Amino acid sequence: MAVVARISGPVVVATGLEGAQMYDVVRLGEMGLVGEIIRLEGDKGTIQVYEDTTGVRPGEKIVNTKRPLSIQLGPGLLTSIYDGIQRPLNILREESGDFIGRGKIIPALDQNKKWDFIPTSKKGDEVQQGQFIGEVQETPLIKHKIMVPHSVKGQLESITEGKFNINEIVATVTTQSSKVEIGLSSWWTVRTPRPVLRKLPPESPLLTGQRVLDTFFPVAKGGTAAIPGPFGSGKTVTQQQLAKWADSEVIVYVGCGERGNEMTEVLTTFPELEDPKSKRPLMERTMLVANTSNMPVAAREASIYTGITMGEYYRDMGYGVALMADSTSRWAEALREISGRLEEMPGEEGYPAYLGRRLAEFYERGGKAIVISPEERVGSLTLVGAVSPPGGDFSEPVSQNTLRVTRVFWALDASLASRRHFPSINWLTSYSLYADDMGEWYSKEVSPDWISLRKEALEILQRESELEEIVQLVGYARSLREDYLQQSAYDDVDTYTSIKKQFNMLSVILEFGKLEADAIKKGIRSSQIGGLESRKLISKMKWTPENQIDKLLHEIRTSMRQEFEGLLIKVSQ
Amino acid sequence: MSTISFKTLSKIAGPLIFVEGVDNAAYGEMVEIKLEDGQRREGQVLDTRKGLAVVQVFGPTLGLGTTGTSTRFLGHTATLAVSDEMLGRVFDGLGNPRDNGPKIVSKQKFDLVGSGINPYSREQPSEFIQTGMSNIDGMNTLVRGQKLPIFSGAGLPHNMLASQIARQAKVRGTSESFSVVFAAIGITSEEANFFVKQFEESGALGRTVLFLNLSSDPSMERILTPRLALTTAEFLAYERDMHVLVILTDMTNYCEALREIAAAREEVPGRRGYPGYMYTDLASIYERAGRIKGRKGSVTQIPILTMPADDITHPIPDLTGYITEGQIVLSRDLQRADIHPPADVLTSLSRLMNQGIGKGRTREDHRSLADQLYSTYAQGKDARALAAIVGEEALSELDRKFLRIANNFERKFVNQGFDEDRSIEETLNIGWELLAELSDADMKRIKPELIEKYGRKKISPKEVE
Ligand SMILES: Nc1ncnc2c1ncn2[C@@H]1O[C@H](COP(=O)(O)OP(=O)(O)O)[C@@H](O)[C@H]1O
Ligand SMILES: [Mg+2]
């Protein structure tokens with residue numbers, strides 16, 4: 001019989017584990033705490049426990065479920081909030097009150113709710129893995145596709161339209177060797193990536209409505225981005241802005257080892273905010289995984305895998321999915337803590353030697369891909385990970401290993417944050433390796449002038465930084481920083497800017513800048529320019545709603561041309 | 001539950017004792033330790049296996065010997081008996097009476113550690129607390145249920161700031177006052193007396209619970225002291241519907257105690273010798289602030305910590321800042337410039353500010369006025385640095401304006417008397433007054449309508465001193 005031999009925090013040593021396999025999930029002790037076997041030597045093993053082990057005694061029994069950590073995938077995932085091992089936190093509250101209860105096994109999906117299943121295949125059809133056989137309207141925004149399970153190929157023997165709960169059978173497939181029943185839900189082990197047929201190069205940007213990101217450092221749909229920064233520099237707000245405004249069909253938001261109130265904020269604001277395109281509540285496309293800093297450490301490590309598996313599942317349906325993980329550093333620290341208790345040989349700063357590999361494996365699960373299905377279906381999974389470097393020093397192992405495998409770097413800057421320049425993304429050190437590849441998309445979809453405008457703006461900012469110590473450059477660069485780069489997440493209008501408005505704002509600012517530079521060359525003082533009406537109007541652009549912006553732009557363009565002409569005439573007189 | 005005592009201490013290492021022959025001590029079980037001379041200590045199981053329990057002793061290990069000491073495993077984890085009688089009382093760092101009052105007897109026992117609040121149960125904190133201090137109310141607003149630490153340095157007046165907050169804090173439009181739970185963690189008796197005297201003078205002592213572990217008290221008690229305070233606070237908030245302000249000072253001493261245990265356990269040290277799990281450990285304290293759906297009371301936390309060598313990147317302030325909802329940072333430069341409180345509003349932050357301010361809470365211009373003040377003050381400080389090199393005369397006209405505003409911001413806005421309790425309107429009006437000399441185009445953070453409405457109006461001299 002398997003029993004507890006030793007308890008030290010989240011790590012338990014067990015004996016009598018005959019027949020156990022690595023990563024088997026076990027139930028531990030009288031409370032039935034959930035744990036996972038992470039080391040095996042003979043019949044002795046080490047278990048990381050996903051719940052607080054206080055009160056557990058040596059000698060308590062252990063039950064092996066003989067199954068690796070798996071989650072249930074099916075309709076009902078959207079709008080849910082889970083802990084790191086996919087327990088719905090709302091139901092957990094009903095069962096154990098306001099404080100997290102222990103040893104509770106709660107199904108991730110509502111077991112009784114009936115969904116309207118509409119078949120898209122019919123009896124007798126030849127079907128194979130990944131193929132859609134029907135769908136369920138999961139939320140008004142998302143049709144949940146029911147797919148033939150992996151490695152199943154055969155003939156549809158039956159398929160039934162009607163109302164079903166997630167455990168009922170809606171179809172059966174006769175394969176060469178057996179009969180396979182298909183329900184509305186399926187299971188997947190979180191540590192195994194869901195396979196795809198082939199990865200594709202990303203070609204379009206994930207539009208976020210955040211000017212500094214979309215214009216200067218875009219992440220591609222299916223791309224990877226890292227957002228490191230010290231505390232208070234804007235990691236969480238930026239991630240939440242992405243979760244709100246990114247033009248992704250499905251969002252997975254993983255709060256990993258961070259604040260409880262930040263999850264509450266998402267839970268209270270998302271149902272009230274509407275998606276700019278569909279006008280539906282944002283929550284209808286969102287899944288939340290919350291393993292906050294006061295929840296057990298080992299589950300923090302699992303939360304990232306739970307989140308990404310749910311993301312992959314919707315990608316497999318052909319959706320564009322974006323996952324935000326805040327913060328991957330807490331995940332890495334959980335690895336370190338467990339590794340330390342296992343007395344593994346520590347690598348850099350106490351992190352296990354496999355930290356880099358684990359991070360790479362995680363980001364490798366992102367991408368744009370042809371998913372497994374007979375019909376060349378394309379889905380994408382964009383990954384954005386926040387990193388919390390100790391002391392804000394990016395040279396530490398988690399930042400460095402992350403930057404090696406991600407292609408966009410949004411460098412948060414404490415000095416910008418302290419002067420309340422938000423988003424405090426440093427425009428000189430950040431980069432996007434997708435920017436060049438996306439050029440074609442922007443030229444086609446936004447304007448043929450896009451590439452040159454962007455380049456010009458970046459050059460001005462660069463030049464400003466070189467001169468910064470000596471004089472503040474004329475209005476040009478300052479206007480770019482204040483009227484364009486600064487964007488408040490808390491202003492109803494400024495919080496989101498469409499790509500078209502971004503282009504127009506940028507082109508107006510640059511035109512003004514050129515007129516200004518020219519005027520100064522001809523002897524006009526900058527104080528004269530500061531007072532121009534068009535100057536004032538430019539700072540109103542960010543606060544002007546999308547449906548009124550054209551009028552304002554026209555007004556600015558006309559008045560700035562007239563005003564500069566007026567100034568020049570005065571000088572020449 | 002094993003009630004037999006064990007006299008089988010095999011080893012004592014720092015604050016840890018190794019008890020042999022114990023087969024099934026529970027992880028986290030409380031232990032009573034009896035010394036040869038009859039003295040008692042409390043302890044808690046940190047690591048347990050068949051035949052051995054490692055126990056952390058809350059108290060000095062002086063006088064403990066491998067022979068003659070007996071240990072009794074109590075069969076329960078750490079709890080605190082809680083009752084209304086605790087208000088107005090003074091306890092030591094382990095929760096025993098430190099005044100001459102009786103021990104608290106109560107059927108209600110709360111777990112000292114307990115599980116975390118389910119994020120789904122939380123209610124978003126959003127009620128503005130007026131502290132009467134402009135640097136906080138105006139620039140880094142505190143709300144009910146927030147955890148907002150003070151990052152200080154040795155010798156800076158964090159105690160004055162914290163006690164002024166405790167004295168003046170109110171939610172306007174309500175008559176409820178805060179009860180205060182105060183935990184002294186390794187501070188001097190002089191500092192502790194300062195607080196006691198403050199509470200006494202403001203008449204708050206009757207609704208205050210004090211836990212005092214002073215610098216001369218055993219350092220290991222410090223592991224429990226903040227948890228006793230928070231358990232008490234949760235009782236008052238969630239069982240008695242009170243709004244509780246918890247002051248924990250000094251968290252740096254708490255972290256030192258944590259490091260001491262880690263060293264005794266020969267753990268692989270993390271940054272600067274602090275254990276790798278310090279983030280998680282601190283979170284188990286700070287995350288106990290908040291509001292819970294459907295419950296009337298709240299727990300607001302003001303932890304105080306002194307940054308070793310004034311270094312904000314030191315693991316203690318660093319990990320704290322990663323967990324708390326902002327920080328109020330005290331600056332030695334401002335202290336030298338005789339600004340009181342010497343709060344640096346630029347490195348300070350309140351992450352919950354937005355939820356607590358604006359129309360219907362403070363005033364509609366609050367957000368943008370604060371943004372403008374940050375940015376103008378930052379520019380003024382840049383100008384000050386530049387002036388130090390090139391001289392003030394060489395500054396541009398605009399930079400000189402910024403510099404003037406920055407100076408006045410420190411002297412008139414941040415600086416205020418220890419007894420000066422400003423209303424939020426007074427605070428905001430001082431802010432507008434400072435910006436008066438800027439043109440509209442230099443106030444990019446503020447919408448023109450708001451400048452029109454609040455900025456250009458004549459402010460009566462009475463409102464600004
Ligand atoms: N885009 C933004 N607009 C306005 N304020 C912001 C923005 N980004 C960050 N902030 C401010 O900075 C604070 C800290 O941001 P946050 O994202 O919580 O930092 P981090 O996660 O890096 O610690 C927020 O509470 C908010 O006041
Ligand atoms: Mg954050």
Side-chain angles (χ1 to χ4, degrees), chain A residues 5-8 13 52-59 81 89-90 92-93 98-102 231-232 255 257 259-261 263-265 267-268 290 292-295 297 330 333 336-337 340 346 349-350 388 390-393 418-421 472 482-483 490 527 530-531 535-536 539-540 543, chain B residues 23-29 46-50 77 113-125 267-271 276-277 279-280 283-284 287-288 290 292-293 295 313 315 318 321-323 325-327 346-347 349 351-352 354 367 371 374-375 378 397 439-441 444 447-448:
Chain A
R6 176 181 177 187
I7 306 130
S8 169
V13 177
D52 180 18
T53 52
T54 301
V56 177
R57 295 173 190 276
I81 175 165
L89 288 171
N90 52 338
L92 192 62
R93 178 174 185 233
D98 292 331
F99 296 83
I100 304 274
R102 292 194 283 170
F231 64 84
R259 301 178 186 86
N261 277 330
M263 298 315 293
T264 312
E265 191 184 346
L267 280 172
T268 36
T292 53
S293 59
N294 57 345
M295 287 159 79
V297 160
R330 306 300 165 221
E333 286 161 11
R336 175 172 69 183
E337 181 169 346
E349 296 193 14
S388 317
D393 176 2
S418 75
R419 50 179 60 224
R420 273 43 174 195
H421 172 115
Q472 294 278 333
E482 297 182 346
D483 300 321
Y490 301 116
S527 58
R535 184 77 280 276
K536 263 193 226 168
S539 38
K540 273 177 79 170
W543 291 322
Chain B
D23 275 348
N24 62 345
Y27 179 69
E29 185 170 352
L46 274 191
D47 191 330
T48 167
R49 66 188 96 168
K50 210 167 155 39
T77 51
V113 179
S115 8
I117 303 177
N118 182 335
Y120 191 80
S121 308
R122 284 184 187 267
E123 171 99 42
Q124 214 178 356
E267 288 167 348
V268 184
R271 253 178 103 221
Y277 49 80
Y279 174 84
T280 301
S284 75
E287 276 288 314
R288 290 173 78 169
I292 293 182
K293 282 184 205 158
R295 304 206 194 203
T313 69
D318 190 51
Y322 270 120
I323 302 164
E325 283 141 355
Q327 66 278 338
L346 295 181
T347 45
L349 169 70
R351 294 164 187 268
L352 302 183
N354 284 298
R367 177 74 265 163
D371 283 345
Y374 291 127
S375 132
E397 199 188 315
S439 72
D440 287 15
K444 287 231 179 125
K447 290 184 189 169

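Chain A is the first sequence line, chain B the second, and so forth, proteins listed ahead of strands; every chain is numbered from 1. For the numbers below, each heavy atom of this structure counts, side chains included, while hydrogens, waters and symmetry mates do not. As the structure is a computational prediction, the values presented were derived from the model and not from experiment.
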Which region of A:Pro346, side chain (C-beta onward) or backbone (N, CA, C, O), has a non-hydrogen atom less than 4.5 Å from a non-hydrogen atom of chain B, or is it both or neither? side chain

Side-chain contact, heavy-atom cut-off 4.5 Å: B:Asp47 with A:Arg6? yes

Specify which of A:Thr268, A:Asp52, A:Val13 makes the most heavy-atom pairs with chain B at under 4.5 Å. A:Thr268

With only heavy atoms counted, which part of B:Asn354 is less than 4.5 Å from chain A, the side chain, the backbone, both or neither? side chain

Side chain, backbone, both or neither of B:Gln327 within contact of chain A (heavy atoms, under 4.5 Å): side chain

Can you tell which part of B:Ile292 gets under 4.5 Å to a heavy atom of chain A, answering side chain, backbone, both or neither? side chain

Please identify, among A:Pro390, A:Gly101, A:Ser539, the residue contributing the most non-hydrogen atom pairs under 4.5 Å to chain B. A:Pro390

If you count heavy-atom pairs within less than 4.5 Å of chain B, which of A:Val56, A:Thr54, A:Asn90, A:Asp98 leads? A:Asp98

The single option from A:Arg330, A:Glu337, A:Glu333 passing side-chain hydrogen bond (donor to acceptor under 3.5 Å, both in side chains) against B:Tyr279: A:Arg330

Do you know which of A:Thr53, A:Asp393, A:Ile81 has the most heavy-atom pairs under 4.5 Å to chain B? A:Thr53

Looking at chain B, which one of A:Ala5, A:Gly340, A:Gly59 has the largest number of heavy-atom pairs inside 4.5 Å, strictly under? A:Ala5

Which atoms of B:Ser375 come close to chain A, meaning under 4.5 Å heavy atom to heavy atom: side chain ones, backbone ones, both, or neither? both

So, the part of A:Leu92 with a heavy atom under 4.5 Å from chain B: the answer is both

According to side-chain contact (heavy atoms from CB on, under 4.5 Å), who are the partners of B:Arg122, at least two apart in sequence or on a separate chain? A:Asn261, A:Thr264, A:Asn294, B:Ile117, B:Glu287

Heavy-atom proximity to chain B below 4.5 Å, by part of A:Ser388: both

Salt-bridge test for A:Arg535 and A:Asp483: reply yes if a basic N is under 4.0 Å from a carboxylate O, no otherwise. yes

Is A:Ile7 close to A:Pro58 at the side-chain level, that is, under 4.5 Å between some pair of heavy atoms? yes

Partners passing side-chain contact (heavy atoms from CB on, under 4.5 Å) against B:Pro119 (at least two apart in sequence or in another chain): A:Leu89, A:Ile100, A:Met263, A:Ala290, A:Thr292, A:Met295

Would you mind checking which part of B:Arg295 comes under 4.5 Å of any heavy atom in chain A, side chain (CB onward), backbone (N, CA, C, O), both or neither? side chain

Proximity breakdown for A:Val297 and chain B, heavy-atom pairs closer than 4.5 Å: side chain

Portion of A:Arg420 that has a non-hydrogen atom of chain B nearer than 4.5 angstrom: both

